[in-house]
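The next block holds one structure in the form of structure tokens; read it before the comments.
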Number of protein chains: 2
Amino acid sequence: MLSQKRHKNILHQYGLKVTSARLRVLDTLMRSNIALSHADILSKIRDIQLDKVTLYRTLDAFVKSGLAHKVATEDRNWLYALDLSEHGDTVHRNHTHFICDYCDRVYCLPVSPQVGIPDSSSVEGFEVRSHEFRLHGTCPQCH
Amino acid sequence: MLSQKRHKNILHQYGLKVTSARLRVLDTLMRSNIALSHADILSKIRDIQLDKVTLYRTLDAFVKSGLAHKVATEDRNWLYALDLSEHGDTVHRNHTHFICDYCDRVYCLPVSPQVGIPDSSSVEGFEVRSHEFRLHGTCPQCH
DNA sequence: TTATCATTTGCAACTAAGTTGCATTTTTAT
DNA sequence: ATAAAAATGCAACTTAGTTGCAAATGATAA
Ligand SMILES: [Zn+2]
Ligand SMILES: [Zn+2]
Ligand SMILES: [Zn+2]
Ligand SMILES: [Zn+2]
């Protein structure tokens, strides 16, 4: 957990108080290139004490503040990923999730590749305001 | 529940034994233009006895046989919809869900409108085999 | 039709993820 | 340093979903 400064900055930016639990959870999410479940995160944080309730509330706070978003999976789990790209920018609200059918890993892809975004007029009677694309297949790890 | 014959036929077609519970659940799903939760269905079936476990198992059987599919919602519910279009054809595996942000209703749209389907080559290192598009906005009922 | 066998159903007990309330600790502002 | 506000940990609780099993029902063929 190098660069505490950057982590603290991010929490401040999103109006969140800086606590060791939050720094650790943020760090865990930043180190991952896939979306993580509550259980995933809990199992990765063993060096400091972290109650399951605190983690639930931390993740809620991250989502509520806009720092992270959650994805409900096929098997009714919640996975969490930061709304930050690798370079600190915000991921676009409309993005694509790649779900590996072998390992169940979920990747956030920052753009919706080679896909036109449907607008209101495209679906009779439905007013479209945002979208999420879910691609299924085999991820790089499972090839 | 007119046309029992057609319902029975469908169950047979999918290799499912015909029981009153299954006929009733099938009928309920056929009458709905939105995907329904376990709780939705249970509350709609009051005239015959139907245990919650039986409904769970019935829905599992429908999904396993290919008669229905389930959608995990944002709030970690499962919604069920038939894989049949209004005219008895099978809905394409790749389809679009419209999720109303006001009433939470989920609609299955048979096609992916004005949207190009991404193929394997479009996402570096990921092999895409199927997709689900989720559109968010306001449904016709909530306008 | 009736007998047989496999499947489905209902019930009760159980499981475990997630929530709530509250006393204690930590953070931030003055 | 002090005080107010917010976050944390713990225990108790809730509740959706599952499991095992005995009884009921459906499919098949004599
Ligand atoms: Zn994989
Ligand atoms: Zn994402
Ligand atoms: Zn609506
Ligand atoms: Zn659907």
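Just so you know, these numbers use all the heavy atoms, side chains as well, and skip hydrogens, waters and symmetry mates. Below, read A as the first sequence line, B as the second, and so on, with proteins coming before strands; counting in each chain starts at 1.
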For the residue pair [X] and [Y], categorise the inter-ring angle as parallel (less than 30°), tilted (30 to 60°) or perpendicular (more than 60°).
X        : Y       : result
B:Tyr80  : B:Trp78 : perpendicular
A:Tyr107 : A:Phe98 : perpendicular
B:His97  : B:His95 : perpendicular

What is the distance from [atom1] of [X] to [atom2] of [N], rounded to the nearest Å?
X       : N      : atom1 : atom2 : result
B:Lys70 : D:dG17 : NZ    : C1'   : 11 Å
A:Lys8  : C:dT26 : NZ    : P     : 15 Å
A:Leu11 : C:dT27 : CG    : P     : 12 Å
B:Asp51 : D:dA24 : CG    : P     : 15 Å
A:Asp75 : D:dG17 : CG    : P     : 13 Å
A:Leu59 : D:dA7  : CG    : C1'   : 14 Å
A:Tyr80 : C:dA17 : OH    : P     : 14 Å
B:Leu42 : C:dT9  : CG    : C1'   : 14 Å

* So, does the side chain of B:Arg76 form a donor-acceptor pair with the base of C:dG18 at under 3.5 Å? -> no
* Asked: Hey, does the side-chain of B:Arg22 have a donor or acceptor N/O within less than 3.5 Å of a partner on the base of D:dG26?
  -> no
* Structure fact -> Between A:Thr28 and A:Lys44 the two heavy atoms that sit nearest each other are CG2-CD, 3.7 Å
* Please work out if B:Ala61 contacts a base, only the sugar-phosphate, or nothing of the nucleic acid, heavy-atom cut-off 4.0 Å. => nothing
* Could you tell me whether A:Ala39 contacts a base, only the sugar-phosphate backbone, or nothing, with contacts defined as non-hydrogen atoms closer than 4.0 Å? => nothing
* **Closest to the B:Thr19 side chain, choosing from C:dG21, D:dT19, D:dG26** => D:dG26
* Looking at B:Gln49, does any N or O in its side chain come under 4.0 Å of the phosphate oxygens OP1/OP2 on C:dG10? -> yes
* Do any side-chain nitrogens or oxygens of A:Thr54 fall under 4.0 Å of OP1 or OP2 in D:dG9? -> yes
* Salt-bridge criterion met for A:Asp27 and A:Arg31 (N-O under 4.0 Å) -> yes
* **Whichever of B:Trp78 and B:Lys17 has its nearest DNA chain D nucleotide further upstream toward 5'** => B:Trp78
* Asked: Which comes earlier along DNA chain D counting from the 5' end, the contact point of B:Asp60 or that of B:Val18, where each point is its nearest nucleotide?
  -> B:Asp60
* To do: Specify the residue among B:Leu16 and A:Leu16 whose closest nucleotide of DNA chain C lies further upstream toward the 5′ end.
  => B:Leu16
* Structure fact -> Assert: residue with more 5' nearest nucleotide on DNA chain C, out of A:Asn77 and B:Lys52, is B:Lys52
